[in-house]
Student: 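Here's a structure for you.
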Amino acid sequence: MTIRLQDTLSGETRPLEPLEPGHVRVYTCGPTVYGPAHIGNFRSFLFADLLVRYLRYRGLRVTWVMNLTDIDDKIIRGAAAEGITTVELADRYAERFLADAAGLGMSRPEVLPRATEHIPQIADLVGRLRDGGHAYRTDDGSWFFRIASWPAYGRLARLDPEAMRVGERVESDEYGKDDVRDFALWKGPKPGEPSWDTPIGHGRPGWHIECSAMSMTHLGPSFDIHTGGVDLVFPHHEDEIAQSEAATGQPFVRTWMHCAHLRLGGEKMAKSRGNIERVADLLAAGVSPRALRYALMAVHYRAPLNYTDESLPAAAAAVERFDALLAALAAYREDRPDDPTLPALLAEIRAGFEAGLDDDLNISAAMAAVFDGVRELNRRLADRSVSGADAARAAGLLRELDAVLGIAAPAADEAGPELVALLEARVAARAARQWTESDRLRDELAARGIAVEDTRDGQRWRRVVTTGG
RNA sequence: GGCGACGUGGCGAAGAGGCCUAACGCGGGGGUCUGCAAAACCCUUAUUCGUCGGUUCGAAUCCGACCGUCGCCUCCA
């Protein structure tokens, strides 16, 4: 089996064939750090994380680049409103973004480039577009991309460039354009705004150019995968393609992958609509990061995901089912010969998991294989039909799959002295058949988020997956 | 107005011509196990896949119309 991914540009689902065999280069359109990201934003970042984790699981080397856009209109406005510099504002929210990402168990990209650290590359790109006749300068020192010079414009978004003239809405501050459809590569200097002195003049980057500059700087003029939310298809990615390919003359991205929106109340979650939830708020309210991660990840990335009051409890229950098996496998002790049919079962689980994810990251199919395996393993544990070594092998497989999913409780979870004392006291109380005392201790542990279970393998404990409510 | 996606059980969701009298997760009901629990397991919970037509020996899966939802066309993950 090979990994097949759907490409937005061609509309085709094709086998992944990295430009450099065995090495996949991935660029993810990261956040503009003008404020805290919401969980809708994180859905698309978690999708990229799933992709990268799976590619690595499949033995591919991955270079993952995710930008942080740290200069734009909103950052300038936000900084002005607070009376701080754009650098201070951007730093604050970049830090916050990384904290949220870490909280959700996202892997850290190899490179987290910032727009303001790529000004020379951006200016160089604009210079090349100018030389190629694709860019022109206006009186205020801005540079625009001339869409008329790029016949392929509109292909990604399937928009007819001619038709775009009709519903034109002219931005008041960009009246110098030759054509309303042209987009800004570089914005001329304005009083009170940060600007850089470059060979193409004073000013600051437009919105789209920094992603072209950063992706090509770190991944080369052509690379394998570019991800982002569907709302970036137009104009952001359309513009990226135009300016990148016009500048280099080479195909920019092999596979464009776009994540559908997270919805709340039936509508796209968006700051402007006010229907947002934030990672830090949810975690502070006691939501398990693993439950949140699962809730945002467990639906295919190209399907809209409706976030409701039931999302978190359902996700937490599923995660807990996975945890409970892992805990049972860890506690399992049985001195008997290995189950000769276990390897086939484990192979079947792995095969189902891979078949699902190979198919354009079909997470539902992959999870179905995992949970089929969970049921069968639980059965064998209940039957005591596997050996202790078998249990360890099964746990090994689940841990391996979880390197992709990132939902399991840590393997080595230390209880800490206070909990250890309570757990040991309960074991003693039960041994002495002091049920009232043992039940009291169970309640006390429950109040600390610990579930205890009495099994043939002794008392077992695990942390409850919470949902904040 | 243009372009596009989608409508499967109480909820989420896979399936894209026969293996579907439809996975998987959550929830509900009944049971087994347990000191009681929990976890787990077993049984059960859609003869049906938005509606109406059509193609086919055969359709949730293909075609058409209609209804509905959402998105993009503007900042946006």
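Every chain is numbered from 1 and lettered A, B, ... according to where its sequence line falls, protein lines coming before strand lines. Values in this document were obtained by computation on a predicted structure and should not be read as measured data. Only this structure's heavy atoms are used, side chains among them; waters, hydrogens and symmetry mates stay out.
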Student: Nearest whole angstrom, please: distance from the C1' of B:A77 to the CG of A:D49.
Tutor: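 Interatomic distance, CG of A:D49 to C1' of B:A77: 15 Å.
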Student: Please determine whether a side-chain nitrogen of the Lys or Arg among A:D457 and A:R384 lies less than 4.0 Å from a carboxylate oxygen of the Asp or Glu.
Tutor: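 Salt bridge present between A:D457 and A:R384.
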Student: Using a strict cut-off of less than 4.0 Å between a Lys/Arg side-chain nitrogen and an Asp/Glu carboxylate oxygen, indicate whether A:D49 and A:R53 qualify as a salt bridge.
Tutor: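 Yes, A:D49 and A:R53 are salt-bridged.
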Student: Calculate the interatomic distance between A:E320 atom CD and B:A38 atom P; express it in whole Å.
Tutor: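 My rounded result for the distance is 13 Å.
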Student: Using atom NE2 of A:H261 as one end and atom P of B:G71 as the other, report the distance to the nearest whole Å.
Tutor: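 Nearest whole value for this atom pair: 8 Å.
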Student: Select one nucleotide: of B:C73, B:C42, B:G35, the one nearest the side-chain heavy atoms of A:R379.
Tutor: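 The closest nucleotide is B:C42.
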Student: Just the rounded figure in Å: distance from C1' of B:C75 to NE2 of A:H237.
Tutor: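 Going from A:H237 (NE2) to B:C75 (C1'), I get 14 Å.
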Student: Taking the P atom of each, how far is B:C49 from B:A59, in whole Å?
Tutor: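 About 12 Å, rounded to a whole number of Å.
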Student: Name the nucleic acid region contacted by A:D231, choosing base, sugar-phosphate or nothing; use a 4.0 angstrom heavy-atom cut-off, strictly under.
Tutor: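 Contact class for A:D231: base.
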Student: With heavy atoms under 4.0 Å as the rule, sort A:V370 into base, sugar-phosphate or nothing.
Tutor: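 No contact.
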Student: Can you tell me how far C1' in B:A5 sits from the matching atom in B:G9, rounded to whole Å?
Tutor: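 Here B:A5 and B:G9 have their C1' atoms 23 Å from each other.
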Student: With rounding to whole Å, what would you report as the distance between B:A14 and B:A46 at their C1' atoms?
Tutor: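 So the two C1' atoms sit 15 Å from each other.
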Student: Rounded to whole Å, how long is the line connecting atom CZ of A:F322 with atom P of B:C26?
Tutor: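 Value for this atom pair: 13 Å.
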Student: Using a cut-off of 4.0 Å on non-hydrogen atoms, how would the nucleic acid contact of A:G228 be classed: base, sugar-phosphate, or nothing?
Tutor: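 Answer is sugar-phosphate: A:G228 comes under 4.0 Å of backbone atoms only.
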Student: Using atom C1' in both nucleotides, what's the gap between B:U69 and B:G27 to the nearest angstrom?
Tutor: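 These two C1' atoms come out 25 Å apart once rounded.
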Student: Nearest to the A:S364 side chain among B:A14, B:A39, B:C73, which nucleotide is it?
Tutor: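 For A:S364, the side-chain atoms sit closest to B:A14.
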Student: Between atom CZ in A:F371 and atom C1' in B:A13, what is the gap in whole Å?
Tutor: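 About 13 Å, once rounded to whole Å.
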Student: Mind checking the P distance from B:G68 to B:G15? Whole angstroms is fine.
Tutor: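 About 28 Å, rounded to a whole number of Å.
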Student: Determine the interatomic distance between C1' on B:C19 and the same-named atom on B:C70; round to the nearest Å.
Tutor: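 To the nearest whole Å, 34 Å.
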Student: Which of the following nucleotides, B:G15, B:A39, B:A77, is nearest to the side chain of A:E453?
Tutor: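 Per side-chain heavy atoms of A:E453, the pick is B:A39.
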Student: Mind checking A:D372 for me? I need base, sugar-phosphate or nothing, with any heavy atom below 4.0 Å counting as a touch.
Tutor: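 The residue A:D372 makes sugar-phosphate contact but no base contact.
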Student: Go through the N and O atoms of the side chain of A:N306 and the base of B:G12, and report whether any donor-acceptor pair is under 3.5 Å.
Tutor: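 Answer is no: no donor-acceptor pair is held.
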Student: Once you round it to whole Å, what is the distance between C1' of B:G25 and CD1 of A:I407?
Tutor: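 It works out to 11 Å between those atoms.
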Student: Does A:S311 reach a base, just sugar-phosphate, or nothing at all? Heavy atoms under 4.0 Å.
Tutor: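 Since no nucleic acid heavy atom lies under 4.0 Å of A:S311, the category is nothing.
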Student: With a non-hydrogen cut-off below 4.0 angstrom, is A:G356 in contact with a base, only sugar-phosphate, or nothing?
Tutor: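 No contact.
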Student: Counting heavy atoms from C-beta on, name the nucleotide in B:A77, B:C72, B:G15 closest to the side chain of A:K268.
Tutor: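 Selected nucleotide: B:C72.
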Student: If I pick the P atom on B:C6 and the same atom on B:C20, what distance separates them, to the nearest angstrom?
Tutor: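 After rounding to an integer number of Å, I get 24 Å for this pair.
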Student: Mind checking if A:L305 touches a base, just sugar-phosphate, or nothing, with heavy atoms under 4.0 Å?
Tutor: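 Answer is nothing: A:L305 stays at 4.0 Å or more from every strand.
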Student: Would you measure the distance from the P atom in B:U47 across to the matching atom in B:C52 and give it in whole Å?
Tutor: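 My reading of the P atoms in B:U47 and B:C52 gives 15 Å.
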Student: What is the distance, to the nearest angstrom, from the NE2 atom on A:H236 to the P atom on B:G71?
Tutor: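 About 21 Å, once rounded to whole Å.
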Student: May I ask you to decide if A:I241's main-chain N or O and A:S244's side chain share a donor-acceptor pair within less than 3.5 Å?
Tutor: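 Absent.
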